[in-house]
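One structure is given here, and the rest of the page talks about it.
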Amino acid sequence: MLLLLACPIIAVIAWMRRSYSVDVQLYDTYYILRIDLIAEFLITIILITSLLYWLTRNRTGFPQLTAAHVLATIGIALYITSTMGYPPNNAVDTWSTFSPQQYKEWEDMRVRFVGAVVTFGAFQLLLVVNLIVKWIKTA
């Protein structure tokens, strides 16, 4: 239930920051992702997770594992949608070079974003473990 309540909050934050974007560089490929599209992806994962918890609601598992997964999922999703991204650049000279400080800020933002996404994915493993525990405990 708590996961479902977080979805509108994440959607409102993403709507307010819909013009922001996140730059991600993976090896030799450079991606520019809008923050609202990232929020849609996070909300989809949260809705699928809620459905899985609802389908296994009659099975007993570890409530601590469920609480850790739910709180971490909501916290990291809120962190990604509320603190990541750059405002739109309205300057005419968009091809100007970065100063060393601007490059460091961009690199720090990229590292924090990738770290948050990896942490979000790692906490989704708690869902898998929790579902396995629920199926084993009742068998």
Side-chain angles (χ1 to χ4, degrees):
M1 182 70 168
L2 190 60
L3 284 170
L4 291 176
L5 293 175
C7 289
I9 296 169
I10 293 170
V12 167
I13 292 171
W15 180 77
M16 292 182 345
R17 301 185 58 177
R18 65 187 174 272
S19 60
Y20 281 55
S21 62
V22 176
D23 304 335
V24 180
Q25 180 180 0
L26 298 172
Y27 300 106
D28 62 345
T29 307
Y30 183 73
Y31 300 99
I32 299 174
L33 306 169
R34 287 190 350 227
I35 202 72
D36 58 339
L37 296 176
I38 294 169
E40 288 174 11
F41 177 70
L42 295 172
I43 288 172
T44 302
I45 291 174
I46 289 172
L47 291 175
I48 291 170
T49 301
S50 296
L51 178 66
L52 289 172
Y53 275 129
W54 183 77
L55 290 174
T56 61
R57 68 188 179 281
N58 294 330
R59 297 181 179 267
T60 57
F62 292 129
Q64 299 89 351
L65 203 58
T66 303
H69 172 255
V70 168
L71 294 176
T73 298
I74 292 171
I76 296 170
L78 287 172
Y79 173 73
I80 289 172
T81 54
S82 63
T83 64
M84 294 290 140
Y86 296 104
N89 186 2
N90 294 329
V92 175
D93 57 342
T94 55
W95 292 101
S96 62
T97 58
F98 276 169
S99 70
Q101 176 163 357
Q102 286 174 324
Y103 181 77
K104 184 174 178 355
E105 290 172 2
W106 175 79
E107 187 68 21
D108 289 344
M109 176 72 74
R110 184 185 69 80
V111 168
R112 283 188 288 141
F113 176 74
V114 170
V117 169
V118 167
T119 305
F120 184 84
F123 273 107
Q124 298 315 303
L125 291 176
L126 289 179
L127 171 67
V128 174
V129 170
N130 200 3
L131 292 176
I132 291 171
V133 166
K134 284 184 174 188
W135 285 105
I136 291 174
K137 280 181 90 174
T138 58

Check: Is F113 reachable from F41 through a run of hydrophobic residues whose side-chain heavy atoms are each under 4.5 Å from the next?
Finding: yes
Item checked: Heavy-atom closest pair, residues I76 and A116 -> CG2-O, 3.5 Å
Checklist line | Residue pair V22, Y31: steps toward the side-chain contact (heavy atoms from CB on, under 4.5 Å) verdict | finding: CA-CA 8 Å; V22 176; Y31 300 99; over 6 Å; no
Notebook entry, point to check: Taking side chain as C-beta onward, heavy atoms only, is K134 less than 4.5 Å from T60?
Noted result: no
Note to self: Count I, L, V, M, F, W, Y as connected when their side-chain heavy atoms are under 4.5 Å apart, and connections chain through other members. Are L4 and L52 then in the same cluster?
What the structure shows: yes
Notebook entry, point to check: What is the distance from atom CG of L125 to atom CD1 of I132, rounded to the nearest 0.5 Å?
Noted result: 9.5 Å
Next item on the list: Spell out, yes or no, whether I9 and L71 are grouped together once hydrophobic residues are joined by side-chain heavy atoms under 4.5 Å, including indirect joins.
Entry: yes
Checklist line | Within-4.5 Å side-chain heavy-atom neighbours: F120 and L42 | finding: yes
Checklist line | Spatial distance of atom CZ (R112) from atom OH (Y79) [nearest 0.5 Å] | finding: 4.5 Å
Notebook entry, point to check: Would L51 and L5 show up in the same hydrophobic cluster when neighbours are defined by side-chain heavy atoms closer than 4.5 Å?
Noted result: no
Check: Does the ring center of Y53 lie less than 6.0 Å from the ring center of H69?
Finding: yes
Note to self: Tell me which one of N130, L126, L3 satisfies side chain to side chain contact (heavy atoms under 4.5 Å, CB included) with V70.
What the structure shows: L3
Next item on the list: Among I45, T49, I48, find the one that has a side chain to side chain contact (heavy atoms under 4.5 Å, CB included) with L127.
Entry: T49
Note to self: Distance check, rounded to the nearest 0.5 Å: R59 atom CZ versus T56 atom OG1?
What the structure shows: 8.0 Å
Note to self: Between Y20 and D36, is there a side-chain heavy-atom distance shorter than 4.5 Å?
What the structure shows: no
Item checked: Donor-acceptor under 3.5 Å (R17 side chain, S82 main chain) -> yes
Margin query: Any non-hydrogen side-chain atom of L47 less than 4.5 Å from a side-chain atom of C7?
Written below: yes
Check: According to a 4.5 Å side-chain heavy-atom criterion applied to Ile, Leu, Val, Met, Phe, Trp and Tyr, with indirect links allowed, do F62 and L55 form part of one hydrophobic cluster?
Finding: no
Next item on the list: Before accepting this row, confirm whether a basic side-chain N of the pair E107/K104 lies closer than 4.0 Å to the acidic partner's carboxylate O.
Entry: no
Margin query: Once rounded to the nearest 0.5 Å, what's the spacing between atom CD1 of I80 and atom CD1 of I10?
Written below: 9.0 Å
Next item on the list: Can you measure from CD1 (I13) to CZ (R18) and round to the nearest 0.5 angstrom?
Entry: 14.0 Å
Notebook entry, point to check: Taking atom CG of L78 and atom OG1 of T73, what is their separation to the nearest 0.5 Å?
Noted result: 11.0 Å
